[in-house]
Amino acid sequence: QENRSLAGRNGGRAMSYVHRYTPPTKEEVKNELLEPDWYEFEIVDAFETNAEGEALVTRHGDPFMKLRVLELASGIVLYHYLFFSEKSAARINAFLHATGATLSEGDEVVLRGSTFVGKHFRGKVEITVRDGKSFNQVALVRPSEAPQESPDPQEAESPEPTDLDDNVPF
């Protein structure tokens with residue numbers, strides 16, 4: 001009987017509740033997880049180097065790029081990684097296609113972070129658990145439903161590194 005609705009506590013009449021809004025902290029938003037599904041993303045930042053200006057490389061010595069992506073409906077930010085190795089070629093091709101690149105078979109592309117900043121794509125999000133921590137991971141990419149310009153890799157410049165998260169999932 002203690003768990004009655006607000007209306008029940010007031011003789012059946014509707015009550016109002018005054019709430020003072022406080023925006024979620026960066027840590028609270030960072031810890032939010034998207035449910036597994038397809039989402040629309042915008043690439044808001046790209047990193048090719050760490051804070052010391054050194055190229056990003058995996059433990060196995062493969063270079064990679066870290067992309068900060070914003071899920072447009074919720075405002076949740078995720079990181080997506082592009083690994084540069086022969087075995088990642090299909091994923092790189094899929095990402096170029098998803099971000100609107102208009103390339104022909106055999107075209108050589110110089111990939112820079114600024115090539116992708118501002119581009120949109122659809123991503124299939126999954127929840128991954130590693131070392132007891134859950135996080136979102138973009139597992140598949142498709143072209144965005146919103147029109148966008150084609151990336152021009154020849155005009156791109158490398159962005160300055162900022163606020164790198166060293167928890168690279170691999």
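Values in this document were obtained by computation on a predicted structure and should not be read as measured data. We count residues from 1, following the sequence as given.
Cation-pi contact between K66 and Y81: absent, since separation from the ring centre below 6.0 Å together with deviation from the ring axis within 45° is not met.
In plain terms, the two heavy atoms of V110 and T115 that are nearest each other are O-OG1, 4.2 Å. Across all their heavy atoms, F95 and I43 have their closest contact at CZ-CD1, 3.6 Å. When every heavy atom of R122 is checked against every heavy atom of E40, the shortest pair comes out as CG-OE1, 3.1 Å. Smallest separation of non-hydrogen atoms from F121 and A98: CB-O, 3.8 Å. What you find for G75 and L70 is that their closest heavy atoms are O-CD1, 3.3 Å. Residues R68 and F47 come closest through the heavy atom pair NH2-CZ, 3.0 Å.
The backbone N or O of E52 lies less than 3.5 Å from a partner atom in the side chain of N50, making a donor-acceptor pair.
With sequence neighbours left out, the side chain to side chain contact (heavy atoms under 4.5 Å, CB included) criterion links L78 to L34, F41, V69, I76, V125, N136, V138. Applying the side chain to side chain contact (heavy atoms under 4.5 Å, CB included) test to E86 and every residue at least two apart in sequence or in another chain returns nothing.
Counting heavy atoms from C-beta on, the side chains of K119 and E42 never come closer than 4.5 Å. Contact of the F84 side chain with the D62 side chain is not registered, since no non-hydrogen atoms from C-beta on lie closer than 4.5 Å. Between W38 and L140 there is a side-chain heavy-atom pair separated by less than 4.5 Å.
In this structure, CG in D37 is found 9.5 Å from CD in E71, a value given to the nearest 0.5 Å. Expressed to the nearest 0.5 Å, how far CE of M65 lies from CD1 of I92 amounts to 9.0 Å. A distance of 11.5 Å separates CG of L56 from CG of L82, quoted to the nearest 0.5 Å. Here CZ of F64 is found 12.0 Å from OG of S88. Values are rounded to the nearest 0.5 Å. A distance of 11.5 Å separates OG of S74 from CD of E35, quoted to the nearest 0.5 Å.
Taken together through direct or relayed side-chain contacts under 4.5 Å among Ile, Leu, Val, Met, Phe, Trp and Tyr, L103 and F116 form part of one hydrophobic cluster.
Using modelled atom types, one finds a donor on one side chain and an acceptor on the other under 3.5 Å when comparing Q137 with T128.
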